[in-house]
Each structure stands twice: as C-alpha cells, then as structure tokens.
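Right, one structure below, let's go through it.
Each chain gets a letter, A, B and so on, in the order the sequences are listed, and its residues count up from 1.
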There are 2 protein chains.
Amino acid sequence: MGVTLKQLAASLGLSPTTVSRALNGFPEVSAATRKRVKEAAIRANYHPNTRAKSLATGRAQAIAHVIPVSTSHEIVNPVFADFIAGAGEVYSHSGFEMVLRIVDDADESQAYRDLVARGTVDGVMVHGPRTHDSRVELLSKLGVPFLVHGRTSSVNAPYSWIDINNQRSFHRATQFLCDFGHRRIALVNGMSDMDFAVRRRNGYLQALEAAGIPPDPVLMRHAEMTEPYGYRTAQELIQLPDPPTAYLASSMIVAYGLRRGLSDLGVTPGRDISIITHDDELSYLPNDGDVPMFTATRSSVREAGKRAAQMLLKLVASPESGPLTELMETSLVLGASTGPAPVRS
Amino acid sequence: MGVTLKQLAASLGLSPTTVSRALNGFPEVSAATRKRVKEAAIRANYHPNTRAKSLATGRAQAIAHVIPVSTSHEIVNPVFADFIAGAGEVYSHSGFEMVLRIVDDADESQAYRDLVARGTVDGVMVHGPRTHDSRVELLSKLGVPFLVHGRTSSVNAPYSWIDINNQRSFHRATQFLCDFGHRRIALVNGMSDMDFAVRRRNGYLQALEAAGIPPDPVLMRHAEMTEPYGYRTAQELIQLPDPPTAYLASSMIVAYGLRRGLSDLGVTPGRDISIITHDDELSYLPNDGDVPMFTATRSSVREAGKRAAQMLLKLVASPESGPLTELMETSLVLGASTGPAPVRS
DNA sequence: GCGCGTATCCAAAGCGGTTTGGAATATCCG
DNA sequence: CGGATATTCCAAACCGCTTTGGATACGCGC
C-alpha cells in the first residue's frame, strides 16, 4: 500500500507527468528537479505500482515458466528447481517477475492460451519438451516470445531453444565405455516420450554401431527417473544370463539407485562394473572432489537456466532478433565409477 | 493480444458495463443477455486482462513465494520443488497466480518491501525460516497477509504458519532407537540456524535425557543437507573409538549419503546399524513399498504445500480470520533400516 | 525590443477493466 | 389508466501509471 505517483507529485508541488519523467530518466526535466524528485521518492518509499505501470506501457515485465506435472506419475523433475534458481537470478537483476504455473499436462495448452490472452506475461519458458510436442506450434501461433529448455523433434519450423548436446554426450560416454572393452552396456534412460531421452538413446545407438556392437533391447530401459528405478533396474539386469558390464544413467538420482542396487549385491562400481551418468550439477548432489564419485557427462542446469533467461529476455526486448538457439556441450568428467571391462572367464 | 471488453461489447451492441456484469455474475442483467454474452466471450476467446482487472479491483490475484538462496552455499533446498508443486495446484484452481522470487538472503527484506509496495501480490509465502528471522516482524509491519512454512522461535507475537511437529517426530524416533537398546545415536541435522533443525535437535535431546543418556556433542552434526555430507559424516563417526550404533538423519538425501558411507565400509543398515530419517515424500525419492528402505518420520511436503496455499488464500480473503496455524503430525514408518542395537562384545 | 529556439513543466487522453449513479423500459397494482 | 416499483442497461468516473501535445518562461542574436 505504498504512496502513489499522484500523491508524491502533490507533495512536491509538481505534476505527475514531471515526476514520472524525472524518475524514468527522460530528458525533459531539469537536473535539480530530478534530484529533488528522486530524493523524495526514496524518502517516501515510493515504488510504482506494477499493474498500473504495465497496463500503461503494455509490457507485463514478467516471464511465465510452465511446469508440466503429469497427474499419472506426479513426479516433479528435480532439475526444475535448479534451472529456475538460475533463471530467477537473471530476472531479479532485470526487474522481471517470474510467474510459475504448475499445470496438469492434460490442460496444458489451455494454460498457455490463458496466459497470453490475459497478457499476464511477456514471454514463456517451456519445460520438459517431448518428442512430439504441440506446445511449440501453439506458442508460435499465439505470437508470444518463448524459449524451450530442450528441443522437440516434431517441429520443423525454427524456434528458440537452449539445450545440451544430449546425443553427442551419450555418444562420447558410450564410446568411452567401448574403448574400455565393454560390449554389454545398459542404458537407464528417462521416459521414452521425452525428447532428451530419445536424443541420448540415439547417441548411445550410434556409438554402439560404430563399435560394431548390436544393440540389445533388454538393456535399454525407460522410466521416470527415481532412485528406486535405478535400484530395481540394476538388480534386474545383473541377473541376466549375459549381464551388462557397464551402465549409462540419465541422471544422478538414477545413478545413485544403480550404485545401491549393485553394491547391495556385492558388485563395486569402478572395479567390477562401470557407471557413467549425466550430471546436471544439482546443488544437493554434488559430484565433485578430486576424483568425483561418478564418471559423468556434466553440464550445469543452473547455468542453463541463467542463459535461458537471458536469451528469453533478449527475445522479449526484440522479437525480430529471430529464433535464438544455443547448444551447450557437456564435459566428460572422469570419476571413480568406471574402469576396464572385466576379462571374460 | 486478446479481445478487449470494449471490443466484445461493441460486437454485441452492448455497453462494457453490461458485458462485465454478465460475465462476473452480477444480478442486474437478464438471463438471456448473460447467456448471449457468455457464449460470445467463449467464441471470441475473451479473457479479461489481468493487469487491468487487478488495477480496477485492487486485488492482484497473485501470491509470492520468496525462496532464499544463500550466495555462500548456493543450495536449492529440494523440498521447495514439491512444496511449490502442491501450492501451485491450489492456486490454479482458485485463479491465483504464483510469482516466484529467488532472492539472495542478504537483500531479502528489500524483496518483501518491494513486492508489497508495488502491489504485485496479495499475499506472501515465507520459506526456510531461521531461528532468528526478521521476516516475520517485517511482514507484520508491512501489513500484508503471509504464511510461514515452518516457524521461527524469535517471534512472540502471533503469526500464521504451517509446520510439522519436528520436535515430537525426532523425539519419537530417538525414543524408538533407545527402546531398541541404542545408546550412541548420531544426529545428522541441517544447518544450525534453521528453525526446523533446532526443533529436531530439541526432540532428540529430550528423548536422550528421558532415557538417561548424556548427549555427546561429537555425535551432533549440522550442515547443508547434501548427499556427500551424509557420506562423509557416516565415515567420520564410524571411526570414532566409541562409534554410534544408530543415525538420525534430517532428510532422505542425507540418509542416502549415510547409507552409502556405511555400506562402503561393509556396515549394513538394519543389521549392523540403524538409520532413521525424516522423509518429505519427495516424488523422485520414494521411500515406500512393502517394507520401505528407511525407517522414517514421514510427512508429505507436497501436501503441506497444498494446505499452506489454502490457508494463505483464506487469509487473503479475510485477514481478520486471524493468525492461522497448523501443526502436522508425522507418522513413524517402520522400514528396513532399523534393528536392535548390536550387543557389545 | 523582437522573434525564435530551447528548456521545463503540465493537462489530458489513454491502457482495460470495475463500479457508482442514473436513465429508459417493463411490470405491477389500485 | 396513472403512478410506483422492478428490471435492464448505460455513461462516466476511477484504479495508478505513461505519454502525447501543448503552454510557459527563458536565453539568444540581431
């Protein structure tokens, strides 16, 4: 319930026009007056009303992040938290607000329409794109600036996105394992309709092919990335007649599960078996130190959030600056979880 | 970019007044007209502009969640994600927007002042209260409805909060371990300035005292709750001359770390040693099944988010409904990680 | 001293809704 | 049928800000 511009103006014996201009740095006001106004504004703890301002300017000064949560498995992907933390930092510095929508992926399209029609935000961040995702098309049609965290293969028309090089990462990781003599490599992936999962699988398959190893469907798993999923998968696979000697995990959480599943059976990663995981550098699951626990394809999702926010803000400021895209490479970090394939006895 | 009320009214040959009233359910409009208006609104995909509406009504229809992120350790507490998912669901159904502020805890108070002075939101959710926390006092002074997720011991005046019974939970857990014959029980807690950590420690200490066990400072640890913290702590403590036979962890993440630290040394939880953890029911770390992996004090943080949002909305609707408080009890769930204390040899 | 450009300020019209205070029409009753 | 009472609709003010299009005063050169 702060002071209004009108009140501030009255208390200074000036018009609202002049006060507004003084505060917003317009040239039509004398230096002396500007100083007087600015001081008074601080003294009165004046902050312009966001709604009035954006109604007048037509800019909402806000970005929406729409987080899909499927009612079926109710999983909140933990990478959202860190991504959003990164993005939020950027918004704060730019005077933008972040509005978050948790939305059932059934009525997702309605959420976007609504957001745009009501003029709540100037731009939209799209999370968790699937291989076939109608959102990109919808948002293009709606004509609102948007940026996708990830990509979707179903769309040919250009759009803005930021992504890590999933295919290359998993290609490298797989190749690394092959070079170590592994020939039975399991892929413990995320949900199969997620775009990142498909790209990672492609990288994996290509590397296998290059190494002359025929892929085995039994070794390729897809599911929501929980810790127990890793655990269960490790124990199932290890009991195969021809078990894998190496595992490729799509997230640290899954990798932890794998590790636990294996070590509960007396199998030690790095010695008996190899694990490589993708590491988003989540703050509470650091995989660092002199020798990180896991060999990993590493890329900070928090950093991605920062970049994404910067890109989207640029897009909002000048939509004509065209589709912006950024493909971030990951680094392959050597940790303690990999080693040469055990020699067949 | 949607249709405006004025345009819609013109297309119907009515005044904006009538259209507004028809859509908002006021009685001064005939049933026939209302029907005609509503249909036209749907056909034209009309959604009232949020900013204009809230400027006119004085209500922002939005709630702020302020997430403190200390620049020093940059940890994003993973419970935020699930809490927010729960709250967001409620807001969606009530037509409220959720605005998220990621804020360096240094300039936190400025964030609150700003949010209120600009009239961006109608209410504020306070996350991560510390034992001594000036935010409650600040927000009371600012006169904005707010609700704290957790409590702060430094404030005597009444305020609204929702919390789990941390003290009782850890009292019960400790007592349970004592009943099993454990006398060396480690507490692997969160940061010592967090209010929840203090309450848990109090519960722990009281139970020890009741059991006639003198507390040992060496067994009481405080730090940011990461997995490696659990790992490190487990390995440090196990090497003491008089090592603990049981561990009490403040989060699943820490418990995973403990487990890994112990099993790497060949110590098996549930047989050689006991672990009880608090379980927030994070979606990607489920601790369920016939026999959950960890014995735990369980309480869904997502459910807490829902309740919290409902309470805050009630507070916004009628501030005079006074401070609202809710203390949620946890359930002590028996899992595979506990057992009787090993007999001294 | 006059005309002109410039510096400084202001009145008023939006932005897109809601809401107050009528006005016009329909309904009712004696 | 006339006047009182509902019913139904509308014009205009307002929410708090920005911004266009002047108005006023000042300094300057001639």
### Query
Between atom NE2 in A/H47 and atom P in D/dC17, what is the gap in whole Å?
12 Å
### Task
For atom CZ of A/R34, decide whether the heavy atoms of other residues, nucleotides or ligands shown that lie under 6.0 angstrom number more than 12.
yes
#### Entry: Interface limits on DNA chain C, where chain A has a heavy atom under 4.0 Å of a nucleotide atom
C/dT8 to C/dG16
### Query
Does atom CD of A/E303 have more than 12 heavy-atom neighbours from other groups under 6.0 Å away?
yes
### Task
Using side-chain contact (heavy atoms from CB on, under 4.5 Å) as the criterion, list what pairs up with A/A308, not counting sequence neighbours.
A/F83, A/M125, A/L147, A/I162
### Query
At under 4.0 Å between heavy atoms, what does B/S20 touch on the DNA or RNA strands: base, sugar-phosphate, or nothing?
base
### Query
Heavy atoms under 4.0 Å, any strand shown: does B/T17 hit a base, just sugar-phosphate, or nothing?
base
#### Entry: N or O in side chain of B/T33 less than 4.0 angstrom from D/dC9 OP1/OP2
yes
### Query
Do A/S153 and A/D195 have side-chain N/O donor and acceptor atoms under 3.5 Å apart?
yes
### Query
Charged N to carboxylate O under 4.0 angstrom, B/E97 versus A/R51?
no
### Message
Is the phosphate of D/dT18 approached by A/K53 (side-chain N or O, under 4.0 Å from OP1 or OP2)?
### Response
yes
### Task
Rounded to the nearest angstrom, tell me the gap between atom CZ in B/R21 and atom P in D/dC10.
11 Å
## Note on the structure
Assert: residue with more 5' nearest nucleotide on DNA chain D, out of B/V29 and B/A52, is B/V29
### Message
Once you apply a heavy-atom cut-off of 4.0 Å, does B/T4 come out as touching a base, just sugar-phosphate, or nothing?
### Response
sugar-phosphate
### Task
Grab the CD-P distance between B/E28 and D/dC10 for me, whole Å please.
13 Å
### Task
Mind checking A/S54 for me? I need base, sugar-phosphate or nothing, with any heavy atom below 4.0 Å counting as a touch.
nothing
### Query
How many Å lie between CD on A/Q7 and C1' on D/dC17, as a whole number?
13 Å
### Message
Quick check on DNA chain C: between A/S15 and B/L55, whose nearest nucleotide comes earlier from the 5' end?
### Response
A/S15
### Query
Should we count CD of B/E326 as having more than 12 external heavy atoms under 6.0 Å?
yes
### Task
Starting at atom CG of A/N24, determine the distance to atom C1' of D/dG16, rounded to an integer number of angstrom.
13 Å
### Query
After noting the C-alpha distance and the side-chain angles of B/H127 and B/N77, does the key distance pass the side chain to side chain contact (heavy atoms under 4.5 Å, CB included) rule?
CA-CA 10 Å; B/H127 289 271; B/N77 191 328; over 6 Å; no
